[in-house]
Amino acid sequence: TSSTSFPTLQIGKSTGSSAASYSMNNNNTCDYIVFDASAGNRTLTLGSGVILTVINDITINQPSSTNTTNSLFINSTACNINGNLNFSGGNNNGTKVCQVVVTSGSLTINGNVSWLSNNSVTSELITVSTGIITFNRSLTMGDGSGTVAVTSTGKINFNGNIAPSLSFGGSHDPVLTTTSGCWLHFEKGITTVTSSLTFASGSNITVGSETSVNDFAIDPGTTVTNNGTATIYGNLTSTSASAFVNAANATLELKGSVSPNVTLNATATGNNVKYNSGGSQTIFATTYYNLTLDSTGTKSYGSGIAVNN
């Protein structure tokens, strides 16, 4: 059929128990999309080449039955949400799932993401394989707020313009998953609170940019482990004792400074810490396996520095 403009597109009905599955194979616009809560799976699949524009919100209600999933599948297509992505519900059963799955397409969210009112990180998922997800508003992944994952070589842009672009952590740890070949970009920085965080081998992490110098803050008492390549355009900072581990064969590129509150562990075999600001930099006092001083800026250092390789 031809392109259509819908007021509200409802996937399934709350009183039904049968599965409801729909495919969209043309470009469409709608004011809202609502996945109803029910005892049956609710699925909307966007076909190849389709562009779906949602003027306001997408709300995915948590299913009422176990082993049931409400899903938006974005294949080699584009979904643009001008409002919010809302996961609605509060049941702690991890088999009552709400999810948005991007394969090779793109998902852009211009509003907020609201998470389920529960502590089950497996019940609300936003994932991408080889495509791109862009959060254009700063995202909070707080207490038990769910899972954001790259499952292959895809990219996630955290482009929120209020620092930090991602605030991560809570007493019930959320999940941020990376894989080899993937890319994560945090335009206005990232802050971890309470929860530790690990970046996979072969992953590529950028914090800030040449035109947006922002920090990686690991507060308080958390540990960030880098197994890939991480570039920080601002400072590696903390307000209390925290740790950054540059694991074996990992690369950490610093364009700013390292806070005295951060324990920088850079002794693993094959890892490299590179200071390459065009301005002045002070080399953090610790033991390095490989230490590289690059670019034209003045590098200064005191005692307490050792290089093992």
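All values below come from the heavy atoms of this structure, side chains included, with hydrogens, waters and symmetry mates left out. By convention here, the first residue in the shown sequence is residue 1. Predicted model only: the values in this text are computed from it and were never measured.
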Looking only at side-chain N and O atoms, does [Y] offer a donor or acceptor that is under 3.5 Å from a partner on [X]?
| X | Y | result |
| --- | --- | --- |
| E187 | S165 | no |
| N261 | S238 | no |
| N265 | T267 | yes |
| S71 | T69 | no |
| S171 | D143 | yes |
| N70 | Q99 | no |
| T134 | N136 | no |
| N272 | T292 | yes |
| T222 | T192 | yes |
| S114 | N86 | yes |
| S64 | S38 | no |
| N118 | S123 | yes |

What pair of heavy atoms forms the shortest contact from [X] to [Y], and how long is it?
| X | Y | result |
| --- | --- | --- |
| C182 | V150 | CB-CG1, 3.5 Å |
| L46 | I74 | CD1-CG1, 4.1 Å |
| P174 | S145 | CB-OG, 3.5 Å |
| G208 | H185 | O-CE1, 3.1 Å |
| G221 | S240 | N-OG, 3.8 Å |
| S76 | T103 | N-OG1, 4.1 Å |

* To do: May I have the step-by-step check of side chain to side chain donor-acceptor pair (under 3.5 Å) for N93 and T95, ending in yes or no?
  => CA-CA 6 Å; N93 189 305; T95 69; 2.6 Å; yes
Can you tell me how far the [atom1] atom of [X] sits from the [atom2] atom of [Y], to the nearest 0.5 Å?
| X | Y | atom1 | atom2 | value |
| --- | --- | --- | --- | --- |
| I81 | D57 | CD1 | CG | 8.5 Å |
| Y275 | S257 | OH | OG | 9.0 Å |
| N61 | F87 | CG | CZ | 11.0 Å |
| N110 | N159 | CG | CG | 10.5 Å |
| W183 | I156 | CH2 | CD1 | 14.0 Å |
| L107 | I126 | CG | CD1 | 7.5 Å |

* Asked: Out of curiosity, does I190 fall in the hydrophobic cluster containing V258 (side-chain heavy atoms, cut-off under 4.5 Å, transitive links)?
  -> yes
* Are W115 and I60 connected in a single hydrophobic cluster, I mean Ile/Leu/Val/Met/Phe/Trp/Tyr linked by side-chain heavy atoms less than 4.5 Å apart? -> yes
* Are more than 12 heavy atoms from other residues, nucleotides or ligands located less than 6.0 Å from atom NZ of K299? -> yes
* F6, CZ: over 12 other non-hydrogen atoms inside 6.0 angstrom -> yes
Just so I know, are the side chains of [X] and [Y] near enough to count as touching, which here means a heavy-atom distance under 4.5 Å?
| X | Y | answer |
| --- | --- | --- |
| M24 | L52 | yes |
| F244 | T223 | no |
| I11 | D36 | no |
| Q10 | F35 | no |
| S23 | N25 | yes |
| F168 | L139 | no |
| S300 | S280 | no |
| T177 | V148 | no |

Where the side chain of [X] meets the backbone of [Y], is there a donor-acceptor pair that is under 3.5 Å apart?
| X | Y | answer |
| --- | --- | --- |
| E124 | T147 | no |
| T151 | V128 | yes |
| S242 | I218 | yes |
| N226 | T251 | yes |

* Asked: V193 and T191: side chain to side chain contact (heavy atoms under 4.5 Å, CB included), yes or no, with the steps?
  -> CA-CA 6 Å; V193 180; T191 296; 3.8 Å; yes
* To do: Dump the intermediate steps for side chain to side chain contact (heavy atoms under 4.5 Å, CB included) on F73 and T43, then the final yes or no.
  => CA-CA 8 Å; F73 291 109; T43 302; 3.6 Å; yes
* **Mutual orientation of the aromatic rings belonging to F199 and F216 [parallel < 30°, tilted 30-60°, perpendicular > 60°]** => perpendicular
* Evaluate the ring planes of F135 and F158, with Trp represented by its six-membered ring, and classify them as parallel (under 30°), tilted (30 to 60°) or perpendicular (over 60°). => parallel
* Asked: Can you name the one residue among D219, N235, L236 that meets side chain to side chain contact (heavy atoms under 4.5 Å, CB included) with V262?
  -> L236
